[in-house]
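So that the names make sense, note that chain A is the first sequence line, chain B the second, and so on, each numbered from 1.
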Number of protein chains: 2
Amino acid sequence: MRSKTGISDKGQDKRHGGDTPPERISDAEYAVMEALWLRSPQTAAQVCETVCAERGWSMPTVKTLLSRLVAKGALDTQPDGRRFLYTPTLARSAYVGGESKRLVERLFGGRAAPLFAHLAENEALTPEDISEIERLLKELKQ
Amino acid sequence: MRSKTGISDKGQDKRHGGDTPPERISDAEYAVMEALWLRSPQTAAQVCETVCAERGWSMPTVKTLLSRLVAKGALDTQPDGRRFLYTPTLARSAYVGGESKRLVERLFGGRAAPLFAHLAENEALTPEDISEIERLLKELKQ
DNA sequence: ACCTTACGATTACGCTTGTAATCTGAACAC
DNA sequence: GTGTTCAGATTACAAGCGTAATCGTAAGGT
């Protein structure tokens, strides 16, 4: 019947138009997104080439994840012959931004400074990080 | 029989002695930890006073979460009459550090600078954050 | 016209999470 | 002593996740 994921199925759009909580993306799903953020569109097989090796997954697993991501509205599909090409709908920067914000809010009361302090205390900052951040700060200030 | 959580039960210790992945703490569980990080030890009822209101939970829910946290080794109990006093085993800073590191690794290739850049781009930095971070940087450099 | 193959769809299944109701046994009030 | 009460323990159950096998079917080969 080939629907649900690809063509047709223009039923209730499940668009998360702003208030619906943006449908969290799980760890496994994130791996798939990464592959597609690096290059897109890709077929399921291509995605598998990238992730199956590094995570020890099999094709069906990738397929499932792709479907779930489509269902969540994080991926879009376009038919290409008899298969699908998958493209991210959710931009990497949006995702990353959301996750960062979540963390900062949950753990640091929404303030970035304590996060920074924490990273500093834990030697999690390389000298490059430090000078890079300095540079950014300078940029911000003028 | 009163075990599993409290006294006795010195069976296979389930200590995550370094290699076992530190047993993630879920969102709901985190709320309970927060209450105990603010003040400890506390009884289940006391914890509920704090969290039941703000999350709309009932006592049984809190009990479950407490048990799970004990099972995960994030909380410790000491008997007090016929009830238990709960105390965090996992320090807040350790948890926060772990989570921050996880995020930075997953999303920013382990480098803190891109995270910072991201926060900057998204106006997620208040002026106070900025000057605070400047101060910290100065401290780090000398 | 068939047969194989390579897709996506459907179904599966055990584990964790969120949320809670029920059970059991000890403590305290008489 | 006996009944009520209030702990923690046990059980429940639906949703989400990780991981996958299987099904139905359209494309392509021959």
Using atom [atom1] of [X] as one end and atom [atom2] of [N] as the other, report the distance to the nearest whole Å.
X       : N      : atom1 : atom2 : value
B:Leu66 : D:dG8  : CG    : C1'   : 10 Å
A:Met59 : D:dT22 : CE    : P     : 16 Å
A:Asp80 : D:dA26 : CG    : P     : 18 Å
B:Arg82 : C:dT24 : CZ    : C1'   : 13 Å
B:Leu65 : C:dT19 : CG    : C1'   : 8 Å
B:Arg24 : D:dG18 : CZ    : C1'   : 15 Å
B:Gln46 : D:dC6  : CD    : P     : 16 Å
A:Phe84 : D:dA26 : CZ    : P     : 13 Å

Per [X] side chain, nearest of listed nucleotides [options]:
X       : options                : result
A:Arg83 : C:dG8, C:dA27, D:dG8   : C:dG8
B:Lys72 : D:dA20, C:dA9, C:dT17  : C:dT17
A:Glu29 : D:dC17, C:dT19, C:dA26 : D:dC17
A:Asp27 : D:dG18, D:dG8, C:dT19  : D:dG18
B:Trp57 : C:dA20, D:dA27, C:dG8  : C:dA20
A:Arg68 : C:dA26, C:dA12, D:dA20 : C:dA12
B:Ser26 : D:dG8, D:dA7, C:dT17   : C:dT17

Touch check for [X], heavy atoms < 4.0 angstrom, all strands: base, sugar-phosphate only, or nothing?
X       : value
A:Ser58 : sugar-phosphate
A:Ala45 : nothing
A:Thr43 : nothing

Using side-chain heavy atoms (C-beta onward) and a distance below 4.5 Å, is [X] in contact with [Y]?
X        : Y        : answer
B:Ile133 : B:Phe116 : yes
B:Glu34  : B:Thr50  : no
A:Ile130 : A:Thr126 : no
B:Val104 : A:Leu115 : no

Does [N] have its OP1 or OP2 closer than 4.0 Å to a side-chain nitrogen or oxygen of [X]?
X       : N      : result
A:Ser67 : C:dG8  : no
A:Thr64 : D:dG18 : no
A:Thr61 : D:dA20 : yes
B:Tyr86 : D:dG8  : yes
A:Lys63 : C:dA6  : no

*Is B:Met59 linked to B:Trp57 within one hydrophobic cluster, defined over Ile, Leu, Val, Met, Phe, Trp and Tyr using a side-chain heavy-atom separation of less than 4.5 Å?*
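Not linked; separate clusters.
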*Should the ring pair A:Tyr95 and A:Trp37 be called parallel, tilted or perpendicular, given that the plane angle runs from 0 to 90° and is split at 30 and 60?*
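A:Tyr95 vs A:Trp37 ring planes: tilted.
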